[in-house]
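Single-structure report; data block below.
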Amino acid sequence: MASALPVSLEDIRAAAQRIGSNVVKTPLVLSAPLGAIAGVPVWLKLEHHQTTGSFKLRGATNAVLSLSPAERARGVIAASTGNHGRALAHAAKAQGMVATICMSRLVPENKVSEIRRLGAEVRIVGRSQDEAQQEVDRLVREDGLVMVPPFDHPDVVAGQGTLGLEIIDALPEAAMVLVPLSGGGLAAGVAAAVKGVNPNTKVIGLTMERGAAMKASLDAGRPVQVQEVSSLADSLGGGIGLDNRVTFAMCRDLLDDVVLLTEAEIAAGMRHAYACEGEIIEGAGAVGIAALLAGKIRPAGPIVAVLSGCNVDMEEHRRVMDGETAICAEDGP
């Protein structure tokens with residue numbers, strides 16, 4: 001099955017060699033509080049310690065470094081809910097390239113301002129990722145810019161898969177990996193890497209209840225559109241594209257399950273991360289912790305939860321922290 005997929009373990013290993021000097025190999029740490037709750041060892045992959053604050057730098061860097069000299073000269077463009085735009089702006093700047101990032105009005109201002117700080121041209125278009133993508137398509141058509149999609153591209157997926165490779169190389173006995181799920185670039189890449197090394201490891205996709213495009217598409221058996229709404233897990237918003245060529249098939253074939261989380265559960269995950277793990281993470285990065293706290297995962301250990309990003313508006317973070325206090329378990333398993 002895996003040999004027929006658009007991105008192979010060999011592609012991911014090649015990506016790891018390509019981007020190695022441009023990204024951080026992030027820590028994998030044991031969580032005693034979550035282990036006590038789950039009854040099995042729980043490890044946290046601290047990907048929010050990545051240079052741009054999220055895993056997206058891996059895929060963006062691999063895609064940029066895979067471009068031809070002629071393509072680099074034209075400049076790159078992408079639609080983004082924030083983290084991919086920041087990563088692409090960083091990767092392009094590192095190579096002396098011009099980047100244009102198109103985003104909807106739902107993208108938090110802290111993410112927009114950081115992309116501008118990195119020197120990218122920013123265009124705010126409409127109220128959905130799909131509307132932002134229409135502007136990308138226009139500029140590709142009219143100005144010849146090179147599109148680097150946020151998820152549905154083999155080079156992007158292979159780059160994100162390097163995170164999974166780090167997990168399974170460090171913890172080959174991992175029984176389960178919990179990974180945030182949006183358009184599927186991270187989930188597809190991590191699953192391909194993890195299952196390429198250990199086919200018995202389960203990979204679970206985690207997303208919010210509101211506007212979960214990949215979950216709706218998997219349920220329908222084909223890519224479908226969903227209404228994009230605001231969420232604490234704003235990075236997980238947006239559609240997967242009706243002409244999805246890479247991530248839908250990979251998520252369909254490789255993910256063992258998809259779990260949906262309420263806004264209250266996501267908030268609880270953020271609070272636990274701060275109060276019990278000493279980590280500030282955005283809602284999308286908290287979904288693995290949230291699923292464990294909510295009892296929505298049947299524990300099989302060791303478990304790895306990917307903390308995918310920290311680019312949260314700090315005023316929003318303070319509001320979340322002012323909610324119900326997280327309770328930390330004192331002892332590990």
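Since this is a predicted model, take the numbers as computed values, not measurements.
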Item to check | Asn311 backbone acceptor or donor facing His48 side chain under 3.5 Å | outcome: no
Next on the checklist: Checking the side chain of Arg74 only, and the main-chain atoms of Gly144 only, is there a donor and an acceptor separated by less than 3.5 Å?
Outcome noted: yes
Item to check | Leu236 with Val156, same ILVMFWY side-chain cluster at under 4.5 Å | outcome: no
Checklist entry - Can you name the closest pair of heavy atoms from Ile289 and Ala273 and give their distance? => result CD1-CB, 3.9 Å
Item to check | Under-4.0 Å salt bridge between Lys202 and Asp257 | outcome: no
Next on the checklist: Treating Gln160 as the side-chain partner and Val157 as the backbone partner, does any N or O pair qualify as donor plus acceptor under 3.5 Å?
Outcome noted: no
Next on the checklist: For a quick test of reading the model, state the closest non-hydrogen atom pair linking Thr61 to Ala91 and the distance between them.
Outcome noted: OG1-CB, 3.9 Å
Checklist entry - Is there a donor-acceptor pair closer than 3.5 Å between any side-chain N or O of Asn244 and the backbone N or O of Val246? => result yes
Next on the checklist: side chain to side chain contact (heavy atoms under 4.5 Å, CB included) for Met214 and Thr207? Distances and angles first, verdict last.
Outcome noted: CA-CA 9 Å; Met214 182 61 80; Thr207 191; over 6 Å; no
Checklist entry - Which value, rounded to the nearest 0.5 Å, describes the distance between Ile77 atom CD1 and Leu139 atom CG? => result 4.0 Å
Item to check | Reported OG1-to-NE2 distance for the pair Thr52 and His84, which is rounded to 0.5 angstrom | outcome: 11.0 Å
Checklist entry - About how many Å separate CD of Glu109 and CG of Asp313, when rounded to the nearest 0.5 Å? => result 9.0 Å
Next on the checklist: Would the distance check show the side chain of Glu263 and the main-chain N or O of Leu232 forming a donor-acceptor pair, the cut-off being under 3.5 Å?
Outcome noted: yes
Next on the checklist: Are Leu57 and Val107 linked, directly or through intermediate hydrophobic residues, by side-chain heavy-atom contacts shorter than 4.5 Å (ILVMFWY only)?
Outcome noted: no
Next on the checklist: Count I, L, V, M, F, W, Y as connected when their side-chain heavy atoms are under 4.5 Å apart, and connections chain through other members. Are Leu293 and Met321 then in the same cluster?
Outcome noted: yes
Checklist entry - Are Ile204 and Val179 close enough, and set up right, to give a side chain to side chain contact (heavy atoms under 4.5 Å, CB included), and what steps lead you there? => result CA-CA 6 Å; Ile204 311 297; Val179 57; over 6 Å; no
Next on the checklist: Are more than 12 heavy atoms, taken from residues, nucleotides or ligands other than Glu142, located less than 6.0 Å from that residue's CD atom?
Outcome noted: yes
Checklist entry - Taking side chain as C-beta onward, heavy atoms only, is Ser54 less than 4.5 Å from Ser308? => result no
Next on the checklist: With rounding to the nearest 0.5 angstrom, report the CZ to CG distance, Phe55 to Leu307.
Outcome noted: 12.5 Å
Next on the checklist: Please check: side-chain N/O of Asp143 versus main-chain N/O of Leu145, any donor-acceptor pairing under 3.5 Å?
Outcome noted: no
Next on the checklist: Using a strict threshold of under 4.0 Å (side-chain N to carboxylate O), is an ion pair present between Lys215 and Asp219?
Outcome noted: yes
Item to check | Side-chain touch Thr51/His90, heavy atoms, less than 4.5 angstrom | outcome: yes
Checklist entry - So, Gln50 side chain and Thr26 main chain: donor-acceptor pair closer than 3.5 Å or not? => result no
Next on the checklist: Quick check: closest heavy atoms across Gln129 and Ser104, and the distance to 0.1 Å?
Outcome noted: N-CB, 4.4 Å
Item to check | Asp155 backbone acceptor or donor facing Asn62 side chain under 3.5 Å | outcome: yes
Checklist entry - Are Gln134 and Asp130 linked by a side-chain donor-acceptor pair shorter than 3.5 Å? => result no
Checklist entry - Do Val76 and Val122 belong together in a cluster built from hydrophobic side chains that touch within less than 4.5 Å? => result yes
Checklist entry - With no hydrogens and no angle check, do the side chains of Ser235 and Glu282 hold a donor and an acceptor under 3.5 Å apart? => result yes
Item to check | Cluster overlap Phe151 with Met147, hydrophobic side-chain contacts below 4.5 Å | outcome: no
Item to check | Stepwise side chain to side chain contact (heavy atoms under 4.5 Å, CB included) test for Leu67 and Met97 | outcome: CA-CA 11 Å; Leu67 295 175; Met97 296 167 55; 3.9 Å; yes
Item to check | Least distance between heavy atoms, Val148 atom then Ala63 atom | outcome: CG1-CB, 3.6 Å
Checklist entry - For Leu65, does its backbone N or O pair with a side-chain atom of Arg72 as donor and acceptor, under 3.5 Å? => result yes
Next on the checklist: Salt bridge or not between Glu121 and Arg116? Use side-chain N to carboxylate O under 4.0 Å.
Outcome noted: no
Checklist entry - Are more than 12 heavy atoms from other residues, nucleotides or ligands located less than 6.0 Å from atom CD of Gln227? => result no
Next on the checklist: Can you confirm whether Arg245 is buried at CZ, in the sense that more than 12 heavy atoms of other residues, nucleotides or ligands lie under 6.0 Å from that atom?
Outcome noted: no
Checklist entry - Given side chains that start at C-beta, do those of Met314 and Val312 come closer than 4.5 Å, heavy atoms only? => result yes
Next on the checklist: Please determine whether a side-chain nitrogen of the Lys or Arg among Glu114 and Lys111 lies less than 4.0 Å from a carboxylate oxygen of the Asp or Glu.
Outcome noted: no
Checklist entry - Do Ser80 side-chain atoms and Gly85 backbone N/O form a donor-acceptor pair below 3.5 Å? => result yes
Next on the checklist: For a side chain to side chain contact (heavy atoms under 4.5 Å, CB included) check, start with the C-alpha distance between Asp152 and Ile240, then their side-chain angles and the critical distance, and finish with the verdict.
Outcome noted: CA-CA 8 Å; Asp152 195 38; Ile240 71 166; over 6 Å; no
Donor-acceptor pairs under 3.5 angstrom involving side-chain atoms of residues 187-195: please list them, not counting sequence neighbours.
unit_1, atom_1, unit_2, atom_2, d
Lys195, NZ, Thr201, O, 2.8
Lys195, NZ, Asp256, OD2, 2.9

Item to check | Heavy-atom pair of closest approach, residues Glu228 and Ser128 | outcome: OE1-CA, 3.3 Å
Next on the checklist: Check Asp11 with Arg13, please: is the shortest side-chain N to carboxylate O separation under 4.0 Å?
Outcome noted: no
Item to check | Ring centre gap for Tyr274 and His317 strictly below 6.0 Å | outcome: yes
Next on the checklist: On a heavy-atom basis, which atom in Gly183 and which in Thr247 lie closest, and how many Å separate them?
Outcome noted: O-OG1, 2.8 Å
Checklist entry - Are Arg271 and Glu277 ion-paired here, with the side-chain N under 4.0 Å from a carboxylate O? => result no
Next on the checklist: A quick test of your reading: do over 12 heavy atoms of other residues, nucleotides or ligands sit less than 6.0 Å from CZ of Arg298?
Outcome noted: no
Next on the checklist: Regarding Arg58 and Glu166, does a basic nitrogen lie under 4.0 Å from an acidic carboxylate oxygen?
Outcome noted: yes
